[in-house]
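Numbering of ligands and ligand atoms starts at 1, following listing order.
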Amino acid sequence: MGASYQPLDSHNHHKPSSKNPPCFVSKPVCALLACGFVSLALLHLLCCSPAGAQRPAFSPLLQYINNTYYSVSSVPGGDEGCNYSEGRWVWSPGYARRYNATECNVKESHDCLRNGRPDTGYLDWRWQPAGGCPLPAFDAGAFLSAVRGKHVAFIGDSMARNQAQSLVCLLGAAFPSRLVYRDADQHKHNFWRYAFPAHGVTVSFYWNPFIVKATGKSEDESVRENHVHLDTPGDGWGADADTIDVAVLGASHWLLNGAIYYNGSEVIGAHNAPAELNYTGVGYAWPLKMAYRTAVERLSSSRPRTVVLATFSPAHFEGRPSDSPTACTKMEPYEEGEKELDWICRELRDIVYDEAEAARARSAGGGATTRVEVLDVTKLAAMRPDGHPSVYMHRDPFAHGVPERMYSDCLHFCLPGPVDTFNEILLQILRRKRR
Ligand SMILES: *[C@@H]1O[C@H](CO)[C@@H](O)[C@H](O)[C@H]1NC(C)=O
Ligand SMILES: *[C@@H]1O[C@H](CO)[C@@H](O)[C@H](O)[C@H]1NC(C)=O
Ligand SMILES: *[C@@H]1O[C@H](CO)[C@@H](O)[C@H](O)[C@H]1NC(C)=O
Ligand SMILES: *[C@@H]1O[C@H](CO)[C@@H](O)[C@H](O)[C@H]1NC(C)=O
Ligand SMILES: *[C@@H]1O[C@H](CO)[C@@H](O)[C@H](O)[C@H]1NC(C)=O
């Protein structure tokens, strides 16, 4: 149903969140741990007041005008030289209020407004890339024109789904759409496709948390192990691969949690498997590389195609128990310098860059015209501890008081929310000229 620390998975409620890399070297910030012992209402008042003193000293109006100017002043067609991966979140009131998630059928646990999240400051930020590079606001018409007549497929874990649903909402707010199909279990949202008939565009999501073929836990929650075939594309997208024009691949979380890995019928190693099985430990980095490699090779072809490799988007439990109602209650982004990206996050991000580079090197000289790009969201996602559903993954979670134990989602993002920025950057990648 999601990553193994995904909220609705009842088997995992008691799992420690320590496997879940925080992505940050912790520093005492906002005394959040201390606040955990205060009631939630107090916490909201005392600890993370949305009108925090850290705001830039400019008047909100001036800031707003400035933001609006910067976000529309970009060169049409995208900025060839821009690197969107570094930057900071800039206060921009209402910037992220772009659609009604209930109307575009997002997973209910990500529909934070519907679920009654009272603080909406997380919708008041835009990503400002470093070096003064402009990142234009999402433009549905520009996106659909850039992929006219094409099949855009998201393949991966529940963060890939979070981004796919964001895209359907961003596009659907401006253009008519039609649901082509979705999985029989409507609460799972694991396989679906939407059409945008005016531009002949289809957008699909394929639930493949390891990207490659996997059996076991990812298909059936009651199974303990994942069995992952590093040499074989996932069943659903593998069968459709020849129809895919733009593929966005995103996986990491399940590889961190571990699996038993196969090449053909032979076990080649495992990560986090029971010691008594005597498998060779292969960690998470090498299997992640192999999974991306197998997918890029399957998607390489002689017709033009774009494969976008998304980097790791970290969770923000930060050592707190995931069944605590205050596991992630921060109400503002981190500021530049407040936290450093930790080495696991950098390592996972570097793997994606390396595999993209390796794929370009392999195709150089050959007949393949597949373009491979990196969608680097690690830093911008890591800066947004405030953007997760937290306890607002259920409608009105405090209707019966504040319980001691309540699961928080500190991994996925609210829709609308910070994940919409992933698609703003994706649009710029797709508009760029082929290299
Ligand atoms: C306006 O935006 C630019 C670029 O982001 C920034 O350097 C400048 O400080 C901003 N000015 C105000 C008044 O916010
Ligand atoms: C963009 O910045 C990231 C992070 O600093 C870096 O790893 C990457 O190589 C840069 N990308 C390009 C195309 O320069
Ligand atoms: C979203 O739409 C639903 C149904 O149309 C409506 O009931 C709800 O109030 C809307 N939510 C917001 C946040 O506008
Ligand atoms: C699987 O085995 C084949 C044949 O020995 C080899 O070429 C390939 O690199 C192996 N793949 C992995 C992921 O180990
Ligand atoms: C694992 O290794 C131990 C010690 O060599 C052996 O006793 C045991 O049978 C092995 N287990 C399996 C499943 O092969």
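- At a distance under 4.0 Å, no protein heavy atom can be found next to atom 9 (O) of ligand 5.
- In this structure, atom 5 (O) of ligand 5 is not in close contact with the protein, since no protein heavy atom lies within 4.0 Å of it.
- Atoms of ligand 3 found under 4.0 Å from any heavy atom of Asn100, numbered from 1 in the order shown, are 1 (C), 2 (O), 3 (C), 8 (C), 10 (C), 11 (N), 12 (C), 14 (O).
- Between Thr102 and ligand 3, no N or O atom pair is found at a separation short of 3.5 Å.
- Under the 6.0 Å cut-off for aromatic ring centres, His388 and His412 do not qualify, their centroids lying 6.0 Å or more apart.
- Interface atoms of ligand 2 facing Asn83, defined by a heavy-atom separation under 4.0 Å, are 1 (C), 2 (O), 3 (C), 8 (C), 10 (C), 11 (N), 12 (C), 14 (O).
- For Glu336 and Lys379, the salt-bridge test passes: some basic side-chain N is under 4.0 Å from an acidic carboxylate O.
- Using a 4.0 Å cut-off between charged side-chain N and carboxylate O, Lys339 and Glu318 make a salt bridge.
- Note on Glu424 versus Arg126: no salt bridge recorded, every NZ/NE/NH1/NH2 to OD/OE distance being 4.0 Å or above.
- Contact annotation for Glu86 and ligand 2: only side-chain heavy atoms (C-beta onward) come within less than 4.0 Å of the ligand.
- The pair Arg303-Asp245 meets the salt-bridge criterion, with a side-chain N (NZ, NE, NH1 or NH2) lying under 4.0 Å from an Asp/Glu carboxylate O.
- In terms of N/O distances under 3.5 Å, ligand 2 is approached by Ser85.
- A salt bridge links Glu373 with Arg371; the closest basic N to acidic carboxylate O contact falls under 4.0 Å.
- Among the atoms of Tyr353, none of the N or O lies under 3.5 angstrom from an N or O of ligand 2.
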